[in-house]
Amino acid sequence: MKFIDEAKIEVVAGKGGNGAASFHREKFVPRGGPDGGDGGKGGSVWAVADENLNTLVEYRFVKRYQAKNGEKGHGSDRYGAGADDITLHMPVGTLIRDTDTDEIVADLTYHGQRVCLAKGGKGGLGNIHFKSSVNRAPKQSTPGEEGEARSLQLELKVLADVGLLGMPNAGKSTLITAVSAARPKIADYPFTTMHPNLGVVRLDENHSFVMADIPGLIEGAAEGAGLGHRFLKHLQRTGLLLHVVDLAPFDENTDPAAEALAIVEELRKFDPELYEKPRWLVLNKLDMLDEEEAEVRAAAFLEAVGWNHPVPDDRFEFDMTTPRLFKISALAHQGTQDLVRQINQYLSEKKRLEAEKATAEKAALEIAAEQPKTDTSVLQAE
């Protein structure tokens with residue numbers, strides 16, 4: 001199925017039913033009084049995150065979703081029936097934005113998350129609500145409220161722990177194939193990846209993470225050049241970026257260092273926060289070079305890009321701050337297991353630190369809530 005990551009739709013909630021103005025009519029009951037019931041509520045439109053979906057293709061064909069109106073009220077104190085709600089199932093990772101106000105309506109980040117996109121109108125009041133000691137026979141009732149209507153932009157941002165970054169034909173698809181069960185298209189020409197691919201990298205029963213491969217980037221991607229500019233947003237949710245570099249390009253005139261620096265500049269232009277994400281360097285396709293030439297090319301590349309980071313020291317605890325360098329061959333599976341192992345260590349340590357931080361913040365809030373509040377009025381009087 002073609003990967004669809006953007007769509008525009010219109011959602012319209014139902015109008016509430018009108019209240020009824022009615023009077024009780026029964027034999028031997030003169031002047032029975034008002035008995036008009038309320039109108040039913042209009043149907044609302046809801047979005048629900050569904051982990052079983054991975055595209056927005058359904059919303060490319062159906063553009064308008066309109067809930068039914070509520071039923072009007074009736075006599076004999078009968079209320080109108082409320083209309084059924086409409087539920088739209090969307091992939092986890094969908095960002096919903098109001099196109100008129102540019103407001104973010106919802107960000108669906110976990111399975112089962114439910115958000116109201118357009119609220120149905122309330123039903124109108126029947127005349128039974130207007131009777132009083134001075135108004136025994138009210139004839140007024142209120143109409144039902146109009147339902148909300150919105151034009152929405154849907155954007156799907158894949159949720160992955162690790163994102164692969166690099167020029168076309170750098171070997172990103174080969175890498176995700178080597179370490180996961182994902183099977184993206186692989187060929188010896190650029191732009192074989194036309195849409196993001198997700199792969200689950202599983203080390204054992206208790207340790208796994210999700211890796212995302214996006215279309216290759218070229219210089220000017222942040223301004224719309226090439227294919228990858230549409231998919232840069234998918235890297236915004238990842239916790240770690242792997243910058244994959246082809247050290248053995250087919251074209252001898254290709255400068256891997258210049259291309260790598262251009263990619264980093266595109267990240268900075270597109271989103272400063274994305275630029276600041278942890279980014280590890282992966283030198284790929286070393287199987288195509290002999291050992292001596294591979295070392296020479298790697299050293300020249302690192303000098304050209306200004307790589308001056310020391311080798312991380314993990315003897316006492318995993319180093320979370322120093323960027324890491326890997327020399328691999330994804331095709332021959334050389335060095336991929338060490339890469340996967342260190343990624344898993346990084347993600348596990350990151351999760352542990354985030355849990356500790358959340359626990360500390362919760363404890364601080366509980367302590368603050370338990371402390372007695374100072375009565376400022378007493379202090380002022382003193």
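The shown structure was predicted, so the numbers you read here are calculated from the model rather than taken from an experiment. Below, all heavy atoms of this structure are taken into account, side chains as well, without hydrogens, waters or symmetry copies. Residue indices begin at 1 and follow the sequence shown.
- The two residues Val62 and Ile9 come nearest to each other via the heavy atoms O-CG2, 4.1 Å.
- No side-chain donor-acceptor contact under 3.5 Å links Arg97 to the backbone of Gln153.
- Looking at Asp38, its side chain does come within 3.5 Å of a backbone N or O of Gly126 through a donor-acceptor pair.
- Put simply, CZ on Phe326 and CG on Leu242 are 8.0 Å apart, with the number rounded to the nearest 0.5 Å.
- Side-chain contact between Val48 and Met90 is absent, with no heavy atoms from C-beta onward closer than 4.5 Å.
- Within the 4.5 Å cutoff, no side-chain heavy atoms of Val210 are placed close to those of Val162.
- When only modelled atom types and interatomic distance are considered, Arg341 and Gln345 share a side-chain donor-acceptor pair under 3.5 Å.
- Considering only heavy atoms from C-beta on, His243 comes within 4.5 Å of Val264 through its side chain.
- Legend: residues meeting ring-ring contact (aromatic ring centres under 6.0 Å, His included) with Phe209, ordered by chain and number and at least two apart, are absent.
- The main-chain N or O of Glu51 is found under 3.5 Å from a side-chain atom of His111 such that the two form a donor-acceptor pair.
- Side-chain N/O atoms of Asn69 and Lys72 include no donor and acceptor closer than 3.5 Å.
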(message) Working note: Ser141 + Asn127, criterion side chain to side chain donor-acceptor pair (under 3.5 Å); need CA distance, chi angles, decisive distance, verdict.
(response) CA-CA 5 Å; Ser141 61; Asn127 64 342; over 6 Å; no
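- Annotation: the span from Glu148 atom CD to Ser44 atom OG amounts to 8.0 Å, rounded to 0.5 Å.
- The aromatic ring centroids of Trp280 and Tyr346 lie less than 6.0 Å from each other.
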(request) Evaluate the salt bridge (Lys or Arg N to Asp or Glu O under 4.0 Å) criterion for residues Lys357 and Glu354: first the C-alpha distance (whole Å), next the side-chain angles of each, then the deciding distance (0.1 Å), finally the verdict. (result) CA-CA 5 Å; Lys357 181 180 178 182; Glu354 289 176 347; over 6 Å; no
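- Geometric assessment of Arg324 against the ring of Phe318 yields a positive cation-pi assignment under the 6.0 Å and 45° thresholds.
- Looking at Thr322 and Asp319, their side chains do bring a donor and an acceptor atom within 3.5 Å of each other.
- Nearest heavy-atom pair, Asn284 versus Ala170, reported as atom, atom and distance to 0.1 Å: ND2-O, 3.1 Å.
- Between the side chain of Thr101 and the main chain of Glu103, a donor-acceptor pair closer than 3.5 Å is present.
- In this structure, Met288 CE and Glu293 CD are separated by 10.5 Å, a value rounded to the nearest 0.5 Å.
- A salt bridge between Lys327 and Glu295 is present, with a side-chain N of the basic residue lying under 4.0 Å from a carboxylate O of the acidic one.
- The shortest side-chain heavy-atom distance between Tyr65 and Tyr59 falls under the 4.5 Å cut-off.
- The residues Glu265 and Arg268 are annotated as salt-bridged, a charged nitrogen and a carboxylate oxygen being separated by less than 4.0 angstrom.
- When atom types are taken as modelled, the side chain of Asp35 and the backbone of Ser76 share a donor-acceptor pair closer than 3.5 angstrom.
- Note that the OG atom of Ser348 and the NE2 atom of His207 stand 5.0 Å from one another [nearest 0.5 Å].
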Kindly list each side-chain donor-acceptor pair under 3.5 angstrom involving residues 112-125, sequence neighbours excluded, with atom names and distances?
{"unit_1": "Gln113", "atom_1": "OE1", "unit_2": "Thr109", "atom_2": "N", "d": "2.8"}
{"unit_1": "Gln113", "atom_1": "NE2", "unit_2": "Asp107", "atom_2": "O", "d": "3.2"}

